[in-house]
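To find a chain, count down the sequence lines: A is the first, B the second, and so on, and within it residues start at 1. Quick caveat, the model's predicted, so the values are computed rather than measured.
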2 protein chains.
Amino acid sequence: MRDAEQTRQNILTVAADEIHQHGFKATSLSVILNRCEISKGALYHHFSSKIELGYAVFEEIYTPMFLNVWHTPLDVDDPIEGLCDFLTAMTEDMSCSEVVCGCPLNNLCEEMANVDEGFRLRILSMQEQLNQLITDAFERVSDDLRTDLAGSQVGYFIVATLNGATSLSKSSRNKVLFQQVIAELCLYIRALKK
Amino acid sequence: MRDAEQTRQNILTVAADEIHQHGFKATSLSVILNRCEISKGALYHHFSSKIELGYAVFEEIYTPMFLNVWHTPLDVDDPIEGLCDFLTAMTEDMSCSEVVCGCPLNNLCEEMANVDEGFRLRILSMQEQLNQLITDAFERVSDDLRTDLAGSQVGYFIVATLNGATSLSKSSRNKVLFQQVIAELCLYIRALKK
DNA sequence: CTTGCAACATACCGATCGGTTGGTTATTAT
DNA sequence: ATAATAACCAACCGATCGGTATGTTGCAAG
């Protein structure tokens, strides 16, 4: 037909961008409709409600994006250096929209985790997967690491600090504070080695 | 008259609670009016707009609360231990509303910093003051600390991690992840000593 | 060629939002 | 006592929200 799948993907992409920019609640369906140049009937043909659209964005856009982004620096011989290089590169490559809008996962966590159970569980699962990626990578090279480390605790610590760093860049509207926190985080990560 | 100041304070207190629970945008003026048992005219007699009410809540409720909370653990002989004790106590004393609703400052930062300049500057100022409190306290005992530390970088790192930790507790709906991150943060903080 | 259904479009709905208007009540100064 | 004004109330406003009911279009199978 008129390529229903293309329409659906277009909605998801635009919705992902709007949610990233304005949060879920403040995202207006009518704005999505305008940007996609479709009618409300079209949107509700593909998604049964706003929140179902939100779930689809999370699962089909954000989740694969995140897993892909984090796999790359951790799937190397030295995940410690891989992670530090990755984080440092982030401070340099960070686009304006990332400085201002923050991390989609963290944003949704702040906004929706305490309001909607469906979002909360999806976010929690994503955070656990992220933590697993880190702990698995560190476990692989555990011979090079200190023996007093508490596995998953370290992983969550890194994730938490990174989230807090993006938060700081939002209020300062520049990368400086973000860079400082990441620099300190890299010091911490490298100190995990023996 | 009918104690205008009392009315004003009542509005501020209720608004602070609503904003903490639901965020600024999702906070409904009509809910505040119902809880305060006043009319819309009364509210608009004291505050010219919703956002001005928000600013007032930030300045008159959140700011003094924060400064007070952070001064206590840092104004002691050993701010390193004071801070660690404070953070550890947080993990134990944390009320349900704090687990679920997070930190008011961090919440507003996530929600409003990239949307409203007035909020952004107030939040940034608060974060800078917080960082200053920490760096001043650490500076006082710099003889006991490592010599390779980058002053404000450490302060922002601590603030960022704490914010990230509250974020994790939101999605997990319990204290465990929060406690893990704080435990690791305390390890980091104590390692600042010589 | 037609029938059927997926893929859309249009118009409308009730609810709620922040904000305004015009008036009333209470307190204070003269 | 009265005038002035601060403090407050009730009713209403336009705009926007997510969602729905009904109609139209296009493609594919029979």
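- Shown here are the salt bridge (Lys or Arg N to Asp or Glu O under 4.0 Å) partners of B/D93, two or more places apart in sequence or in another chain: there are none.
- Computed from coordinates, the A/D3 CG to D/dA28 P distance equals 12 Å when rounded to whole Å.
- To the nearest 0.5 Å, atoms CD (A/E117) and CG (A/L121) are separated by 4.5 Å.
- For B/Y62, there are no ring pair (Phe, Tyr, Trp, His ring centres under 6.0 Å) partners at least two apart in sequence or on another chain.
- Checking A/S167 against B/N106 by side-chain atom types alone, a donor-acceptor pair falls below 3.5 Å.
- Aromatic ring orientation, B/F119 versus B/F58: perpendicular (interplanar angle above 60°, classes split at 30° and 60°).
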Could you walk me through whether B/Q9 and B/T13 pass the side-chain hydrogen bond (donor to acceptor under 3.5 Å, both in side chains) check? CA-CA 6 Å; B/Q9 285 302 321; B/T13 305; 5.0 Å; no
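- Contacts with DNA chain D (heavy atom under 4.0 Å) in residues 9-22 of chain A: none are found.
- Proximity of residues 27-56 of chain B to DNA chain D (heavy atom under 4.0 angstrom from any strand atom) is restricted to B/I38, B/S39, B/G41, B/A42, B/H45, B/H46.
- Rounded to the nearest 0.5 Å, atoms SG (B/C109) and CD1 (B/I123) are 5.0 Å apart.
- For A/E92 and A/T88, the side-chain atoms include no donor-acceptor pair closer than 3.5 Å.
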Below 3.5 Å is the cut-off: list the nitrogen or oxygen pairs between protein and nucleotides 22-25 of chain D, distance only.
| from | atom 1 | to | atom 2 | distance (Å) |
| --- | --- | --- | --- | --- |
| D/dT25 | O2 | A/R2 | NH2 | 3.0 |

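- Residues passing the salt bridge (Lys or Arg N to Asp or Glu O under 4.0 Å) test with A/D116: none are found, sequence neighbours excluded.
- No hydrogens or angles considered: a donor-acceptor pair under 3.5 Å links the side chains of B/D17 and B/Q21.
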